[in-house]
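Read through the structure below, which is laid out as structure tokens, and then see the notes.
Sequential numbering from 1 along the given sequence is applied to the chain's residues.
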Amino acid sequence: MKKCINFFMLLVMVLALAGCGANDRMLKAQIENGKKHCPISLGMAGKLTSMSYDDSNREVKFVITLNKQVSDIKNLQADPESARQTMRLALQKGNMKQLLEMMVDAEASLNITYKNKGSKEEFVLNFSSEELKNILDNPMTEEETNKLMLQTQINSEKNRLPYKIEKGLNVVGIEDNGSSLVYVCEVDEDLYDIDEMGKAKEELKDNMRKMMKDRAMRQQAEILSSLNKGFEYKYVGKTSGKNVIVAFSSAELGEIVGKK
């Protein structure tokens, strides 16, 4: 199974901002300092290509260029509320929280423009000074954070579908069915015997258990366990339609990540 996309990719913005100011002048100075480090990598998600401060309107502006293979403007357009919640969470982390405090102190607003790499398409998010203060005063709970991280991962995975694990094995679907996160893997029965896979289900499960030591998969297991959800990997024969399901309950995931 391929590593899961790290669902923090769109949340982590490592800005070179130091200190904390209580007025417009300090905020502008810190943005000017941060501009020197652009573009800033957001990993596979893309880059923070520019930042600026419009002091006449008291508005901080970011431009983020996305890697379309991981995230797409169309996904943001289709679910703008999820995009807002993702940015809300980002503003509660590390240096971004310092910037949030400075924007609130300066009564500034925030404008984020997302662009697809190599395209003129754009998606814009705006946060008023009042909204930013509300975000600072009302941080997301652990449950809200985990729900958002899970949905972000699902959205990212859907954007890559279908993708190959290895020859003859392709992930073609992912969904949260309420009780479990389910991956659907199509099996080329000219290369694999789906009946033999069924007989070896416990061996497949042991292999997946070992793979959960991987950082990204462990993180996924922790989130699912905290939300009282399990994990399923459903192998489906491309010709016969037969399926083999390898499942982990929430309790099993908790044991794997060391939670009681």
- By side-chain contact (heavy atoms from CB on, under 4.5 Å), which residues pair with S179, not counting sequence neighbours? N177
- Hits for side-chain contact (heavy atoms from CB on, under 4.5 Å) against S52, two or more places apart or cross-chain, chain-then-number order -> K61
Side chain [X], main chain [Y], donor-acceptor under 3.5 Å:
| X | Y | answer |
| --- | --- | --- |
| N138 | N134 | yes |
| Q92 | M140 | yes |
| Q151 | L148 | no |
| E252 | S249 | yes |
| N170 | V172 | no |
| S226 | I223 | yes |
| N116 | I73 | yes |
| K35 | S50 | no |

- Message: Show, in sequence, the C-alpha distance, side-chain angles and deciding distance for Y183 and F231, and conclude whether the ring-ring contact (aromatic ring centres under 6.0 Å, His included) test is met.
- Response: CA-CA 8 Å; Y183 281 82; F231 174 86; 5.8 Å; yes
- Task: If a pair satisfies salt bridge (charged side-chain N to carboxylate O under 4.0 Å, His left out) and one of its residues is in residues 169-191, list it, with sequence neighbours excluded.
- Result: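 Residue pairs with at least one partner in residues 169-191: D176-K229.
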- Task: Keeping to residues at least two apart or across chains, list the salt bridge (charged side-chain N to carboxylate O under 4.0 Å, His left out) pairs with something in residues 232-243.
- Result: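 Counting only pairs at least two positions apart or across chains, the salt bridge (charged side-chain N to carboxylate O under 4.0 Å, His left out) contacts touching residues 232-243 are D195-K242.
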- Message: The test is side-chain hydrogen bond (donor to acceptor under 3.5 Å, both in side chains); show your working for E121 and Y114 and say whether it passes.
- Response: CA-CA 8 Å; E121 292 180 278; Y114 298 87; over 6 Å; no
Rounded distance (nearest 0.5 Å) linking atom [atom1] of [X] with atom [atom2] of [Y]:
| X | Y | atom1 | atom2 | answer |
| --- | --- | --- | --- | --- |
| N207 | R209 | CG | CZ | 10.0 Å |
| M217 | L253 | CE | CG | 9.5 Å |
| L89 | M96 | CG | CE | 10.5 Å |

- Minimum heavy-atom distance V257-A221, with the two atoms named: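 Closest approach of V257 to A221: CG1-CB, 3.7 Å.
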- Message: Quick check: closest heavy atoms across Y53 and R58, and the distance to 0.1 Å?
- Response: OH-CA, 3.4 Å
Return all side-chain donor-acceptor pairs below 3.5 angstrom for residues 76-83, not counting sequence neighbours, or 'none' if the list is empty.
unit_1 : atom_1 : unit_2 : atom_2 : d
D79    : OD1    : S82    : N      : 3.3
E81    : OE2    : Q85    : NE2    : 2.9

Could you work out, with side-chain hydrogen bond (donor to acceptor under 3.5 Å, both in side chains) as the rule, every residue matching [X], not counting sequence neighbours?
| X | result |
| --- | --- |
| E107 | none |
| K133 | D137 |
| S129 | none |
| K199 | E196 |

- Linking I/L/V/M/F/W/Y whenever their side-chain heavy atoms sit closer than 4.5 Å, directly or via other members, would I245 and Y192 fall into one cluster? no
- Query: Please walk me through it: do I135 and L100 pass side chain to side chain contact (heavy atoms under 4.5 Å, CB included)?
  - Reply: CA-CA 9 Å; I135 291 170; L100 173 63; 3.9 Å; yes
- Would you say V124 and N111 make side-chain contact, with heavy atoms under 4.5 Å?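 Yes, side chains in contact.
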- Do the non-hydrogen side-chain atoms of I194 and V244 ever get within less than 4.5 Å of each other?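 Yes, at least one pair of side-chain atoms sits under 4.5 Å.
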Please identify each residue that fulfils salt bridge (Lys or Arg N to Asp or Glu O under 4.0 Å) with [X], with sequence neighbours left out.
| X | result |
| --- | --- |
| R88 | none |
| E166 | none |
| K47 | none |

